[in-house]
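Please read these numbers as outputs of a predicted model, since none were measured by experiment.
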There are 2 protein chains.
Amino acid sequence: MINSRLAVSVHILSLIASHPDQAMSSEFIAGSVNTNPVVIRRLTGSLRQAGLLATTAGKSGAMLTKRPEEITLLMIYRAVESKDNLFSIHEHPNPACPVGRNIQSTLDNTFMRAQRALEAELEAETLADVMHHLAQAR
Amino acid sequence: MINSRLAVSVHILSLIASHPDQAMSSEFIAGSVNTNPVVIRRLTGSLRQAGLLATTAGKSGAMLTKRPEEITLLMIYRAVESKDNLFSIHEHPNPACPVGRNIQSTLDNTFMRAQRALEAELEAETLADVMHHLAQAR
DNA sequence: AATTTCTGTAACTAAAATAATTACATGTAT
DNA sequence: ATACATGTAATTATTTTAGTTACAGAAATT
């Protein structure tokens, strides 16, 4: 199962976007997510590096650096997910075997297609869409 | 990253399908995959439960119970992957917060769409396709 | 029938990933 | 100066994954 960093990051960005007036501390956000403030700060660090938000050391609060309509879930996913490949492929299959020799490149192509399909869905949804759903669900 | 069980399972099934005459032991397959025979037997156990192959205790070799054209990668994936959900969502967000209260159901829908897109790709490719690619790559 | 060889499966170990936590240097505001 | 925040390193606990050992029992061979 993929880790929860995308889920928590969407939570963080939704909170910031829905309260543009308030400066929310990592501790406050952690209270909404129900985790440790350091977990939040690590994620905002990655989101800042990806250019999705701006923070100031020592100063409470974060600002989005793009409009919610411009932030896709794929951008968030890429910002906080270190792994390039979704599926693992076993290493060192036997090169003396016709299957072992070619299975990696074959699966590489297949898995890449599946991954791209997933990423296309993540790219089709923006933070604005998420906020709309959040508001509807209320 | 998703575990390598799908990759290894495709390897196993490709080997069996490409040598319908030979009875391959878990030890032989393990030699091609480059892992421990028990890892192979665990996977063939799951594949057998899913109705993709037949084995006999004490007797070497396994037989496919469907034609390679009928076995999709999604069937294999479902056979060896225990988790229902691809993405994790953080538990116990704060119900007193409008975002915390609704983030789970919102992300649940979003992640389900992404997962379905991935699974549709896995469903579109069969073991026969994989074997075709393996033969071409040689 | 005895032996060999295999599968199925439980139990254990090792390594890696994830999240939570502690600690602290440093920046900002009053 | 003090209070309070962020950024980040280091540590710990938990879970997942894969590899391994061990062995009961099925099948084939002699």
Side-chain angles (χ1 to χ4, degrees), chain A residues 1-9 11-12 15-16 22-50 52-63 77 79-93, chain B residues 1-9 11-12 15-16 22-50 52-63 77 79-93:
Chain A
M1 193 141 70
I2 296 173
N3 59 58
S4 64
R5 290 199 288 269
L6 173 57
V8 174
S9 298
H11 189 147
I12 292 171
L15 261 184
I16 294 171
Q22 293 165 268
M24 282 180 301
S25 67
S26 62
E27 182 148 2
F28 178 88
I29 299 175
S32 173
V33 172
N34 191 26
T35 183
N36 191 290
V38 176
V39 171
I40 303 300
R41 295 205 290 270
R42 267 201 293 257
L43 289 173
T44 55
S46 298
L47 296 169
R48 175 169 38 76
Q49 283 187 3
L52 300 183
L53 53 74
T55 58
T56 314
K59 194 177 163 189
S60 191
M63 301 280 293
Y77 177 68
V80 299
E81 190 54 56
S82 50
K83 295 294 164 44
D84 281 347
N85 294 316
L86 193 57
F87 288 93
S88 322
I89 301 180
H90 51 294
E91 294 178 332
H92 313 304
Chain B
M1 192 140 68
I2 297 171
N3 60 57
S4 65
R5 289 200 289 269
L6 174 56
V8 174
S9 297
H11 189 146
I12 293 171
L15 262 184
I16 294 172
Q22 291 165 270
M24 283 180 301
S25 67
S26 63
E27 182 149 4
F28 179 88
I29 299 175
S32 174
V33 172
N34 192 25
T35 184
N36 191 290
V38 175
V39 172
I40 304 299
R41 295 205 288 270
R42 268 201 292 254
L43 289 173
T44 55
S46 298
L47 297 169
R48 175 168 39 75
Q49 284 187 0
L52 301 183
L53 53 73
T55 57
T56 314
K59 194 177 163 189
S60 191
M63 301 281 292
Y77 177 69
V80 298
E81 191 53 57
S82 50
K83 296 293 166 41
D84 280 348
N85 295 316
L86 194 55
F87 289 93
S88 320
I89 301 179
H90 51 294
E91 294 178 331
H92 313 304

Thr55(B) side chain near dG8(C) phosphate (N/O to OP1/OP2, under 4.0 Å): yes
Does the plane of the ring in Phe87(A) sit parallel, tilted or perpendicular to the ring in Tyr77(B)? Use 30° and 60° as the thresholds. perpendicular
Across the strands shown, which category fits Thr35(A) at heavy-atom distances under 4.0 angstrom: base, sugar-phosphate, nothing? sugar-phosphate
So Arg5(A), base contact, sugar-phosphate only, or nothing? Heavy-atom distance under 4.0 Å. sugar-phosphate
Can you tell me if Thr44(A) touches the phosphate of dT6(D), counting only side-chain N or O atoms and a distance under 4.0 Å to OP1 or OP2? no
Examine dT21(C): is either OP1 or OP2 under 4.0 Å from a nitrogen or oxygen in the side chain of Arg41(A)? Give yes or no. no
Might you confirm whether atom CD of Gln22(B) has over 12 heavy atoms from other residues, nucleotides or ligands at distances under 6.0 Å? yes
Between Arg48(B) and dT7(C), does any side-chain N or O lie under 4.0 Å from OP1 or OP2? no
Would you say the side chain of Thr44(B) lies within less than 4.5 Å of the side chain of Ser26(B), judging by non-hydrogen atoms? no
Quick one: are Pro93(B) and Asn34(A) in side-chain contact, heavy atoms under 4.5 Å? no
In this structure, how many angstroms lie between the P atom of dG19(D) and the CD atom of Glu27(B), rounded? 15 Å
side-chain N/O Thr56(B) vs dA27(D) OP1/OP2, d < 4.0 Å: no
In whole angstrom, what separates Ile40(B)'s CD1 from dC6(C)'s P? 15 Å
Sub-4.5 Å side-chain heavy-atom contact between Met1(B) and Asn85(A): yes
Selection from dG19(D), dG7(D), dC6(C) that lies nearest to any side-chain heavy atom of Ser60(B): dC6(C)
If only atom types and distance count, is the side chain of Thr56(A) paired as donor or acceptor with the main-chain N or O of Lys59(A) below 3.5 Å? no
For Asn36(A), answer base if it contacts any base atom (sugar-phosphate contacts may also be present), sugar-phosphate if it contacts only those atoms, and nothing otherwise; contact means non-hydrogen atoms under 4.0 Å. base
For the base of dT20(D), is there a side-chain donor-acceptor partner from Arg42(B) under 3.5 Å away? yes
On the nucleotide dA19(C), are OP1 or OP2 found under 4.0 Å from the side-chain N or O atoms that Ser4(A) carries? yes
Roughly, in whole Å, what's the span from CD1 in Ile16(A) to P in dT6(D)? 10 Å
Need to verify one output field. Residue with the more 5' nearest nucleotide on DNA chain C, Ala57(A) or Pro37(A)? Pro37(A)
Separation of Phe87(B) atom CZ from dT18(C) atom P, in whole Å? 13 Å
Between P on dA17(C) and CG on Asn3(B), what's the gap in Å once rounded to a whole number? 13 Å
Checking all strands, does Ser88(B) fall into the base, sugar-phosphate, or nothing category for heavy-atom contacts under 4.0 angstrom? nothing
Write down the distance between CG (Leu47(A)) and C1' (dT6(D)), rounded to a whole number of angstrom. 15 Å
Whole angstrom is fine here: how far is it from CE in Met24(A) over to C1' in dT6(D)? 15 Å
Nearest-angstrom distance from the residue atom NZ of Lys83(B) to P of dT18(C): 12 Å
Ignoring backbone atoms, establish whether Lys59(A) has a side-chain N or O less than 4.0 Å from OP1 or OP2 of dC4(D). no
